[in-house]
Colleague: 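Let me begin by handing over the structure; questions about it come next.
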Amino acid sequence: MLDVVALQGDVTAIADSINAVWVLMVTFLIFFMQPGFALLEAGQVRAKNAGNVVMKNMTDWSMGVLVFFIVGAGVSAMAGMLGSPGEALSVSSAFAHINDPTAWIGWLFGAVFAMTAATIVSGAIAERMKFGAYVAYAFVLVAVLYPVVSGSTWGGTGLLSSTGYLGQALGVGYKDFAGATVVHAMGGIAGLTAAYMVGPRKGRFDSNGDAQPIPGHSVLFAVIGTLILAFGWYGFNVGTQATVLTADGSFNSALLGRVALNTTLAMGAGMVFSSLTTTLWEGKPDPLFGANGLLAGLVAITGACVHVSWWGALVIGIIGGIQTPFVYRWVVDSLKVDDVCGVFAVHGSAGFIGTMLIPFFDVAGFSVNQLIMQVAGSAFIGTFTVLGTMVTLLVVDAVIGLRVSDAAEAEGLDPSEHGMHAYPEFTDDGGAERAVAD
Amino acid sequence: MLDVVALQGDVTAIADSINAVWVLMVTFLIFFMQPGFALLEAGQVRAKNAGNVVMKNMTDWSMGVLVFFIVGAGVSAMAGMLGSPGEALSVSSAFAHINDPTAWIGWLFGAVFAMTAATIVSGAIAERMKFGAYVAYAFVLVAVLYPVVSGSTWGGTGLLSSTGYLGQALGVGYKDFAGATVVHAMGGIAGLTAAYMVGPRKGRFDSNGDAQPIPGHSVLFAVIGTLILAFGWYGFNVGTQATVLTADGSFNSALLGRVALNTTLAMGAGMVFSSLTTTLWEGKPDPLFGANGLLAGLVAITGACVHVSWWGALVIGIIGGIQTPFVYRWVVDSLKVDDVCGVFAVHGSAGFIGTMLIPFFDVAGFSVNQLIMQVAGSAFIGTFTVLGTMVTLLVVDAVIGLRVSDAAEAEGLDPSEHGMHAYPEFTDDGGAERAVAD
Amino acid sequence: MLDVVALQGDVTAIADSINAVWVLMVTFLIFFMQPGFALLEAGQVRAKNAGNVVMKNMTDWSMGVLVFFIVGAGVSAMAGMLGSPGEALSVSSAFAHINDPTAWIGWLFGAVFAMTAATIVSGAIAERMKFGAYVAYAFVLVAVLYPVVSGSTWGGTGLLSSTGYLGQALGVGYKDFAGATVVHAMGGIAGLTAAYMVGPRKGRFDSNGDAQPIPGHSVLFAVIGTLILAFGWYGFNVGTQATVLTADGSFNSALLGRVALNTTLAMGAGMVFSSLTTTLWEGKPDPLFGANGLLAGLVAITGACVHVSWWGALVIGIIGGIQTPFVYRWVVDSLKVDDVCGVFAVHGSAGFIGTMLIPFFDVAGFSVNQLIMQVAGSAFIGTFTVLGTMVTLLVVDAVIGLRVSDAAEAEGLDPSEHGMHAYPEFTDDGGAERAVAD
């Protein structure tokens with residue numbers, strides 16, 4: 001019988017090993033969303049700002065992981081502790097990951113989600129925000145804003161969990177499987193807020209207040225970035241089903257299959273129905289809106305993918321795709337906000353809508369309390385993010401200012417903020433001297 | 001003894017879990033071939049059609065997965081049922097995957113192969129086919145044409161399987177491990193047929209019928225796309241060895257190793273020997289043919305990789321590489337077909353040749369019946385695809401027309417079909433208004 | 001009891017299977033560094049040489065895998081055998097992998113490391129070395145130079161192993177976990193040597209010997225290439241912890257976690273501190289140095305990641321980042337060597353420094369003998385590589401010459417070496433006829 005006992009131990013180690021291989025690989029895929037965002041955003045700005053965009057992307061990742069290891073992950077754990085009646089706050093426990101090597105795979109898995117939220121914002125405020133102001137905001141987002149949101153939702157005992165203050169009142173926890181609101185809508189509404197506060201680019205609205213197009217320099221880059229993001233998204237969504245083999249030896253076939261299928265169908269539906277919408281509207285299918293619709297379909301299903309039926313995923317993807325051009329025009333024409341890459345339409349509204357639709361397509365059946373929780377949780381995340389972003393940017397504005405000078409904006413942020421040109425052979429001032437870089 | 005019985009169950013669940021992690025990851029890699037194809041094809045067209053190319057790529061994937069879930073996978077299963085004497089057709093069984101979550105990982109693994117076949121065609125008919133006509137054809141390919149081919153080959157009891165009508169007569173099944181003909185040659189010969197039917201681009205042949213070069217706008221993009229495809233191809237080939245651990249606990253080390261090595265050697269040999277061929281021919285090694293030779297080496301080994309010796313893989317890769325420029329010139333100069341990205345030379349002839357060479361290098365030994373089956377199976381796939389493509393395109397031509405107007409072709413498909421410019425700062429009409437996209 | 005014995009067999013097969021899935025996936029990630037290097041290097045050269053750069057990258061991979069299978073892997077094994085007293089040289093054993101399918105996964109895992117070393121060199125000698133000369137050098141590197149270095153270090157009984165001549169004298173083996181020196185510094189110092197021997201590009205130094213900037217044609221490509229490399233690097237470093245589950249059923253959680261965290265922190269620190277350095281130096285953060293600092297942080301931690309504490313990884317990353325612009329300027333201004341992509345600063349000095357710092361942050365504690373071994377091993381690798389590169393290039397120079405003509409350099413290597421233009425629509429001579437490629 002001793003040998004059989006030894007076997008029981010083996011099954012746990014085997015399950016841990018299989019799940020670790022899976023989690024590490026999907027973590028790498030989610031990291032790979034960084035160049036996806038860099039291409040998507042760079043393609044949607046003018047060539048004179050392309051270097052600034054990719055510098056912001058590299059910096060929010062690079063600075064972000066340091067801050068999230070030292071500060072953010074612990075803040076997230078504390079936010080989780082504070083959300084339930086009777087939970088004690090333990091700072092040492094919240095920061096225990098720092099000295100526990102067996103916690104580091106899990107930390108990295110959390111970090112790539114945090115950095116995704118951070119990088120979304122840069123697409124909204126492109127082409128006019130100071131590099132230093134953006135970095136300061138990204139610091140606060142990674143250290144405090146995202147951790148509070150993620151800890152409140154996913155932190156076990158957080159405010160929106162089933163044992164949190166709100167969850168106990170309603171009898172259900174907030175459902176957002178892989179972060180449609182925790183990561184994407186959080187980044188999308190932060191981007192909208194930041195774009196409002198920094199103001200529109202020169203020339204984006206004419207003297208009558210009517211929007212004027214400022215096309216990005218490469219639709220090709222935007223589309224390739226989109227497809228890279230879709231690749232990484234399989235890690236994001238399917239990988240959130242992190243347990244492939246349970247500790248007692250059972251294979252999570254149906255859960256993995258559901259997430260994989262729903263992610264695929266919503267992505268496809270988002271792209272097709274966004275394109276059909278622009279075809280009806282403009283007479284022609286627009287590749288950039290096709291790409292953004294594909295992403296909006298992915299965002300919309302990100303919270304729902306493990307919960308809903310396949311035809312529910314299809315409907316959620318369709319709605320995510322159709323709303324993209326409408327919300328984009330509403331932000332520009334009604335709110336008069338210059339959200340350069342449309343991050344609110346793609347990540348914000350799509351994330352909130354998809355998450356609030358979960359109860360209607362839930363394979364566990366409809367629950368009115370669940371619907372109330374979905375609305376309340378989305379409202380909490382949205383309100384906290386807007387307020388946190390406004391306060392942060394007011395402070396940053398007072399200390400270093402949010403916006404580059406008009407002359408710098410006209411010249412481009414590449415020469416003014418970084419002393420370089422992204423494409424020196426294809427633009428005028430290619431030979432600009434760079435003292436270090438030569 | 002009860003505990004030991006429980007263990008037997010564990011081994012199956014463990015094997016299923018390990019294989020699921022593997023299959024999911026390689027499925028994601030194969031999906032990632034989509035941006036590879038987008039870059040490869042976009043780089044080989046002029047800048048004025050780059051947006052159209054990537055729009056086609058996004059659409060065939062996005063529409064394709066919806067169609068393949070609802071229609072194509074079931075058609076493939078039915079095609080598999082119809083190929084053997086005594087097999088009954090069961091529609092409900094063919095479409096059972098739709099309501100079975102445990103079948104969805106397997107469905108997605110099949111879907112990424114189907115979408116690879118679809119996207120190959122777009123490279124052949126670039127720069128002049130109507131967007132709507134291409135989408136209509138891609139719909140039929142994903143719903144019917146590819147499913148019939150894949151079901152006949154891989155469907156267990158399909159026509160070309162060892163139990164099918166043909167297989168029983170010859171005593172052997174058709175060997176195409178990962179789809180050299182089922183996916184690649186199918187896409188390649190469909191592309192050739194479609195390029196023939198839509199006719200050459202204006203200016204591709206002069207008044208004497210001599211071919212004139214129309215260089216693509218970025219060899220860099222074509223090469224990067226090629227290397228992305230090679231990355232995805234490791235998923236395509238090695239991942240087709242989907243069982244890493246068998247249900248009775250044995251590790252498929254040698255099979256995985258053989259596929260991985262043979263894929264690598266044929267890729268290397270295809271690139272080196274295609275480059276040597278253009279060096280002997282032109283005096284200089286051509287990067288675009290180097291890239292296409294690398295891909296042709298991969299295509300040629302795709303069906304053979306699990307079957308042949310390592311030196312057989314080397315020979316197959318060498319032949320795949322050398323034939324690429326010759327077949328390309330033959331298509332252009334003799335057939336007078338304008339296959340823009342050379343998809344017949346890269347995916348078509350390379351796939352057929354590599355698959356028919358299997359018996360000569362098979363580690364199981366040479367078999368004349370196997371050789372007959374390889375020729376017969378290739379002939380079936382080629383003939384069915386050509387006829388199916390011709391019929392489909394005749395109908396599409398009658399209903400909506402295959403080709404844009406001469407004026408639209410001259411202006412570029414980006415403005416005419418999509419109302420946009422891929423690189424507005426690098427081309428003339430960059431400021432074109434887009435009502436929705438701004 | 002028979003059933004329980006069968007189980008023991010199962011655990012080994014299960015561990016082998018889990019580890020094989022892991023090793024195959026990380027191998028594919030490391031392969032994907034090839035397009036990362038292609039973009040990084042192409043972005044740092046002028047448009048007229050972009051095709052040549054990617055042709056070199058495709059060729060060193062494609063030719064390299066053939067050579068490494070037939071020659072290099074066996075030479076590496078022989079080098080490992082020769083390093084210890086009493087070890088017998090067995091050629092048949094050294095080349096046994098060629099006919100052993102169960103060795104082929106391991107061979108491919110080794111091959112992607114070898115090809116990384118090869119491709120680094122091309123970045124140093126870009127824009128003026130003959131294509132044929134580079135290919136000849138890459139052949140020797142893959143067949144002999146890299147195998148001697150890797151076999152001496154990782155070959156079990158190699159010179160620098162704990163049982164080697166040097167290791168026995170010092171009582172410790174050389175520590176370079178994933179190849180900071182074996183792969184990166186080897187490639188970096190080979191690049192520096194080759195750049196010295198081929199001489200600077202025309203115009204890189206003026207008549208006073210002062211360096212003049214020659215900006216590359218796309219900082220965007222360089223940054224995207226960098227982020228692709230970082231993605232692949234997770235495979236490179238974390239994947240070198242190739243045993244996830246041991247044969248006796250224990251899960252290597254802490255080792256995997258340490259490598260993953262340390263890689264992430266050093267990458268982030270390298271980017272942030274390289275950017276801070278250029279900000280202090282020039283007043284503005286430079287994206288290209290940010291990218292190169294990110295890579296230098298990765299290189300610096302590559303040998304150390306499994307050995308050092310997290311704060312040690314942070315310090316190593318910081319040093320890797322800060323040294324990048326200083327070493328780059330020293331190479332240009334003091335050595336007067338035209339290392340186009342700064343491969344010595346990024347891969348060479350960063351690799352040597354990071355590896356020699358291991359003893360100071362080793363979780364196993366400081367050891368003076370270990371420090372001596374780190375210095376001695378780095379000196380051996382550096383010296384052997386410099387001498388091997390010089391001898392090889394002297395022979396190549398005598399036989400075919402190292403450098404293109406001044407006219408070819410001025411025209412660009414794309415037309416002169418390959419008869420093509422990477423971007424025919426964006427440069428002057430876009431319509432150049434290509435006989436085969438049309």
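Reminder, nothing fancy here: chain letters follow the sequence lines and each chain counts from 1.
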Colleague: Just give me the residue among C:Gly132, C:Pro101, C:Ala103, C:Ser62 that pairs up with chain B most often, heavy atom to heavy atom, under 4.5 Å.
Modeller: C:Ser62
Colleague: Under a 3.5 Å distance rule, please check whether B:Ser274 uses its side chain to pair with a backbone N or O of B:Phe289 as donor and acceptor.
Modeller: yes
Colleague: For C:Leu108, is it the side chain, the backbone, both, or neither that has a heavy atom closer than 4.5 Å to a heavy atom of chain B?
Modeller: side chain
Colleague: What closest approach, in Å, do B:Ala266 and B:Ile301 show between heavy atoms, and which atom pair accounts for it?
Modeller: CB-CB, 3.5 Å
Colleague: Given heavy-atom pairs under 4.5 angstrom as the criterion, report whether the side chain, backbone, both or neither of C:Ile30 touches chain B.
Modeller: neither
Colleague: Do B:Lys284 and B:Thr278 come close enough that some side-chain heavy atom pair is under 4.5 Å?
Modeller: no
Colleague: Among C:Leu24, C:Ile18, C:Asn57, which has the most heavy-atom pairs under 4.5 Å with chain B?
Modeller: C:Leu24
Colleague: Could you look at B:Asp248 and say if it's the side chain, the backbone, both or neither that has a heavy atom under 4.5 Å from chain C?
Modeller: backbone
Colleague: Would you confirm whether C:Asn49, through its side chain, and C:Asn52, through its main-chain N or O, come within 3.5 Å as a donor-acceptor pair?
Modeller: no
Colleague: Is the backbone of B:Ala50 close enough, under 3.5 Å, to the side chain of B:His217 for a donor and an acceptor to pair up by distance?
Modeller: no
Colleague: Please state whether the side chain, the backbone, both or neither of C:Thr27 comes within less than 4.5 Å of a heavy atom of chain B.
Modeller: neither
Colleague: If you define the side chain from C-beta out and look only at heavy atoms, does anything of C:Val112 sit under 4.5 Å from C:Met115?
Modeller: no
Colleague: Please classify the contact of B:Val244 with chain C as side chain, backbone, both or neither, using a heavy-atom distance under 4.5 Å.
Modeller: both
Colleague: Check whether B:Ala230 gets within reach of chain C through its side chain, its backbone, both or neither, counting any heavy atom under 4.5 Å.
Modeller: both
Colleague: Chain C heavy atoms under 4.5 Å from B:Phe326: which part of the residue, side chain, backbone, both or neither?
Modeller: neither
Colleague: Between C:Leu256 and C:Trp22, is there a side-chain heavy-atom distance shorter than 4.5 Å?
Modeller: yes
Colleague: Is C:Asp414 paired with C:Lys48 through a side-chain N to carboxylate O contact shorter than 4.0 Å?
Modeller: no
Colleague: Measure distances from B:Leu245 to the heavy atoms of chain C and classify the residue's part below 4.5 Å as side chain, backbone, both or neither.
Modeller: both
Colleague: Name the region of B:Leu255, side chain, backbone, both or neither, that has any atom closer than 4.5 Å to a heavy atom of chain C.
Modeller: neither
Colleague: Counting heavy-atom pairs under 4.5 Å to chain C, which of B:Leu294, B:Leu314, B:Leu29, B:Val21 comes out on top?
Modeller: B:Leu29
Colleague: Parallel, tilted or perpendicular, judged at 30° and 60°: which one describes the rings of C:Phe69 and C:His97?
Modeller: perpendicular
Colleague: Who among C:Ser416, C:Ala111, C:Ser17 has the most heavy-atom pairs with chain B under 4.5 Å?
Modeller: C:Ser17
Colleague: Could you tell me which portion of B:Ala291 (side chain, backbone, both or neither) has an atom closer than 4.5 angstrom to a non-hydrogen atom of chain C?
Modeller: both
Colleague: With chain B as the partner, which of C:Met63, C:Met25, C:Gln34 has the greatest number of non-hydrogen pairs under 4.5 Å?
Modeller: C:Met25
Colleague: Is the closest basic N to carboxylate O distance between B:Arg201 and B:Glu127 below 4.0 Å?
Modeller: yes
Colleague: Below 4.5 Å from any heavy atom of chain C, which atoms of B:Phe28 appear? Answer side chain, backbone, both or neither.
Modeller: neither
